[in-house]
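Everything on this sheet refers to the single structure shown next.
Chain identifiers are assigned alphabetically (A, B, ...) following the order of the sequence lines, protein sequences preceding nucleic acid strands; residue numbering begins at 1 within each chain. As a basis for the values below, the full set of heavy atoms in this structure was taken, side chains included, without hydrogen atoms, waters or symmetry mates.
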Amino acid sequence: MKCKVVALCLCILLLLPAFSVRSIAAENSHDPLTVKEATTVSTSPLTVDVPFALSFADATGINLNIRVNPHLVDTAKLVSPAACLSNTLYTANQTDDKVKVAIASASPISNEGVLFSLRLTLKSTPTEEDELCKLLQIKINERIISQATDRILLTGVTNGALYERDVIVNFNEGTATLNGAPYVGGTAITEDGSYRLIVTDLSGKTREINFTVDKIPDISVTVSWTNMSFVYSEGDWDPSSHTYGTGTWSPVSDGGGTVAVTNACRLTVETAFQYVEGAGNEGISGSFLSDGETVTGFVLSKNESKSVVLTLSGVPSTEMNQETLGVVTVTISEKKEG
Amino acid sequence: MKKLLTLVLVFACVMAMAVPAFAAETVTQDNGTASITVNGTYVPGASAAERVSVDVSWGAMSFTYTGGSEGTWNPTTHAFDGATNGKWTASEGNTITVTNHSNTAVEAALSFAAADGSNVTGSFTETSGTANDGVLALATAVGTEVANAPSATATFNITGGEISENGTIGTITVTIKNK
Amino acid sequence: MEKNFSNKPKWIIIAVLLLLLLVIVAVIIWAIFFRTPDIPLPPDYPPQETDGNQQPIPNDQGGKLESPTGGGAVNVTYESVVTVDLSDKTVTLSYANPSMSNQNVAIAIVIDDLTVARSALITPGNMIKSLTLEDKAAKKLSVGGYDAEIIIYCYHPETGEKAMVDTRGEVTVYVTE
């Protein structure tokens with residue numbers, strides 16, 4: 001399984017102060033640290049390699065301070081060192097949620113492209129919203145090249161996203177409020193609505209995420225119906241011909257024969273009603289009345305309800321007792337624009 | 001206690017008055033459908049309103065009363081010979097026929113009432129195979145052709161009494177009852 | 001002597017009152033047991049006037065019923081429900097004398113010995129759906145249902161002579177305000 005997550009690691013060099021970039025550029029004229037797309041190494045346990053690319057020239061000491069998300073990452077270790085590290089001493093030590101990568105060389109080394117990969121063993125399969133790690137600090141030759149001020153890592157939510165399901169947010173440190181009320185990481189957010197999550201880390205720095213929960217599916221229409229049993233009453237007896245006139249079909253119970261349709265989704269829908277005669281009862285037809293008029297369907301806006309009453313006509317050919325006369329089919333479709 | 005019981009009963013009545021939906025289904029797909037089966041019941045003639053329609057036909061109902069006679073005076077015996085009683089004879093046409101065109105069985109009860117001041121009596125004899133009880137029993141016309149509608153006939157005869165002049169001797173009443 | 005004179009008027013009064021009481025009792029007994037019921041007495045030769053409420057029977061079939069010479073034949077068709085509206089004194093019913101009949105008819109709706117309504121002549125091919133409530137019935141009837149009879153009298157269409165045969169049927173009268 002190739003891990004589909006693209007933004008697994010938000011080791012954000014984008015947050016590097018401009019002067020740091022320029023200073024590196026002035027000294028070395030090389031690209032800053034970037035993180036490549038992770039690749040899956042194994043599925044059991046789920047393990048991914050995250051390549052770190054760092055370009056520099058003539059450095060004898062490089063230190064990277066990385067924070068991993070303890071909700072998702074179990075262990076981390078350095079793998080696939082670049083060729084320039086072959087004669088160097090390099091280590092990667094994980095302490096809780098911090099991974100420190102230290103590279104020391106007797107002679108200056110230079111690099112362009114991937115310097116190493118961080119092999120992360122994960123506790124569960126991450127999604128696109130899950131942040132695995134963040135770069136905290138880069139030192140090259142003991143000079144801090146970059147330092148991230150934002151240490152907060154999140155799982156379960158992306159800024160500006162719309163979710164049609166419950167949302168559970170976890171964060172690696174600090175406290176959080178959800179729309180102003182205290183929020184405990186791991187608590188399910190189930191109600192539809194717009195949310196502002198503000199996480200405050202231990203140093204007082206905050207991170208704000210805005211998202212929306214709207215679990216109403218695209219199409220959700222409830223079709224309900226009352227008793228659909230009918231009884232045939234003969235018409236008036238004509239003594240001059242010894243026959244009954246055309247009779248009528250009536251529901252056996254008050255309010256019977258009614259079909260109600262309620263639109264519970266956000267879309268406007270079209271409903272279509274069809275009555276199909278059953279085998280042996282082809283002479284008995286059905287039509288639908290709404291407010292006294294014959295209809296074949298209607299349009300329903302969000303939260304709108306309408307109903308129709310089935311009326312039958314035709315003379316039964318034989319005596320019957322609760323026999324299937326036919327079937328009413330209600331078809332629901334999204335109303336297309338234009 | 002009474003108030004509580006009343007409240008409970010009112011609640012039960014209100015719940016009983018509710019007409020809930022028989023069934024429901026949620027459609028969640030575009031072009032999705034819900035199917036509802038429709039049932040029917042038909043018992044021929046069970047619910048039709050009863051309509052009574054009968055043909056009543058009768059003959060001339062003309063009867064002749066011949067008064068009694070003392071007979072002939074016999075001088076020898078000083079008595080009348082050959083005395084006779086009065087008698088009634090019917091002309092043709094002393095029948096009543098009832099034909100049923102109703103969508104229900106009926107009975108036609110026959111009765112005779114003498115005119116005011118008359119002591120004439122009469123009786124009916126059914127001639128169409130039904131029990132001779134003064135009631136013509138007629139089956140329903142449902143399922144029959146008009147020309148073959150259930151029919152019954154009775155003959156009326158004067159059985160007693162006398163008249164001294166021409167006139168109406170009474171009224172025959174045909175009383176129709178649903179069976 | 002004075003005593004005899006003072007008792008005489010008293011006795012006379014008592015005697016008169018007793019006599020009056022006897023008369024009242026006699027009248028009551030006669031009214032309950034001996035009074036002749038008020039049943040319709042149709043004339044043998046009714047006025048030759050048709051009922052103003054009669055109307056043609058829609059889709060009336062043609063033809064004539066057969067009857068022996070000198071006799072008659074009618075088709076009797078009626079609905080078993082009759083309604084009485086006390087407020088506007090109308091009786092709603094349905095009686096048809098199809099064109100196959102060879103007699104004119106007149107009908108009456110009767111509850112026991114009380115005539116509720118009666119019609120004038122209904123000629124063959126016509127029906128009647130409304131009659132006027134009789135005054136006596138308007139005073140006696142109250143809201144509810146009554147078992148009643150419809151009586152059909154037949155008359156020769158040319159001579160007007162009443163036929164020897166009457167027909168009666170069962171109806172239910174529903175009285176409303």
Side-chain angles (χ1 to χ4, degrees), chain A residues 217-242 244 247 249 252-261 264-265 267 269 272 275 278 281 284 286 310 312 315-316 318-334, chain B residues 15-57 98-106 108 138-151 176 178-179:
Chain A
D218 280 351
I219 295 242
S220 179
V221 176
T222 302
V223 180
S224 61
W225 56 93
T226 56
N227 192 335
M228 298 301 272
S229 292
F230 289 76
V231 63
Y232 182 78
S233 300
E234 318 231 49
D236 288 340
W237 171 254
D238 181 5
S240 64
S241 63
H242 284 201
Y244 285 103
W249 289 93
V252 297
S253 54
D254 284 343
T258 300
V259 181
V261 189
C265 62
L267 300 176
V269 298
Y275 177 82
N281 290 302
I284 300 166
L310 173 67
L312 298 176
V315 180
T318 181
E319 185 171 344
M320 63 179 72
N321 183 22
Q322 283 287 81
E323 188 175 301
T324 297
L325 292 177
V327 175
V328 170
T329 301
V330 184
T331 304
I332 307 294
S333 58
E334 180 185 348
Chain B
M15 295 309 292
M17 283 163 56
V19 181
F22 207 62
E25 199 175 303
T26 299
V27 176
T28 58
Q29 291 187 350
D30 194 10
N31 292 315
T33 60
S35 294
I36 308 163
T37 301
V38 179
N39 294 320
T41 298
Y42 166 53
V43 177
S47 55
E50 285 182 350
R51 195 138 189 246
V52 175
S53 179
V54 296
D55 297 337
V56 180
S57 67
V98 181
T99 305
N100 186 23
H101 297 287
S102 316
N103 62 337
T104 180
V106 298
L138 298 157
T140 176
V142 175
T144 68
E145 298 293 323
V146 175
N148 297 324
S151 182
I176 307 296
N178 289 10
K179 213 171 175 187

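Among the candidates A/Gly326, A/Ser220, A/Ser233, A/Ser253, the residue making the largest number of heavy-atom pairs closer than 4.5 Å to chain B is A/Gly326. Residue with the most contacts toward chain A among B/Thr26, B/Thr33, B/Val38: B/Val38 (heavy-atom pairs, distance under 4.5 Å). Chain B forms more heavy-atom pairs under 4.5 Å with one residue of A/Ile332, A/Val261, A/Thr222 than with any other, namely A/Ile332. Considering only heavy-atom pairs separated by less than 4.5 Å from chain B, the leading option among A/Val252, A/Leu325, A/Asp238 is A/Leu325. Taking A/Val221, A/Ile284, A/Thr324, A/Thr318 one by one and counting their heavy-atom pairs under 4.5 Å with chain B, the maximum is reached by A/Val221. Interface check for chain B: of the options A/Asn227, A/Val327, A/Leu310, the most heavy-atom pairs under 4.5 Å are formed by A/Asn227. Top candidate by heavy-atom pairs under 4.5 Å with chain B, chosen from A/Glu334, A/Met228, A/Met320, is A/Met320. Between chain A and the options B/Ser53, B/Ser102, B/Ala34, the largest number of non-hydrogen pairs under 4.5 Å is found for B/Ala34. Between chain A and the options B/Val54, B/Thr37, B/Val52, heavy-atom pairs under 4.5 Å are most frequent for B/Thr37.
Contact annotation for B/Ser35: both backbone and side-chain heavy atoms come within less than 4.5 Å of a heavy atom of chain A. For a residue to count as touching a neighbouring chain, one of its non-hydrogen atoms must lie under 4.5 Å from one of that chain's; by this rule A/Leu312 touches chain B with the side chain only. Heavy-atom distances place no part of A/Leu267 under 4.5 Å from chain B, backbone and side chain included. With a threshold of 4.5 angstrom between heavy atoms, A/Thr258 does not approach chain B through any atom at all. Only the backbone of B/Glu145 comes within less than 4.5 Å of a heavy atom in chain A; its side chain stays farther off. For A/Val259, the part lying near chain B is the side chain, with the backbone staying farther off; criterion is any non-hydrogen pair under 4.5 Å. The contact between B/Gln29 and chain A is made entirely by backbone atoms, counting heavy-atom distances below 4.5 Å.
In this structure, the ring-ring contact (aromatic ring centres under 6.0 Å, His included) partners of B/Tyr42, at least two apart in sequence or on a different chain, are A/Tyr232.
Across all non-hydrogen atoms, the minimal contact from A/Ser240 to B/Val146 is O-CG2, 3.3 Å.
Screening B/Asn39, B/Val43, B/Thr41 for a side-chain contact (heavy atoms from CB on, under 4.5 Å) with A/Asn321, the sole residue that qualifies is B/Thr41.
Note that the NE2 atom of A/His242 and the CG atom of B/Asn100 stand 7.5 Å from one another [nearest 0.5 Å].
In terms of modelled atom types and a separation under 3.5 Å, the side chain of A/Trp237 and the main chain of B/His101 share a donor-acceptor contact.
Every pair tested for salt bridge (Lys or Arg N to Asp or Glu O under 4.0 Å) that includes a residue from residues 223-237 of chain A fails, sequence neighbours excluded, so the list is empty.
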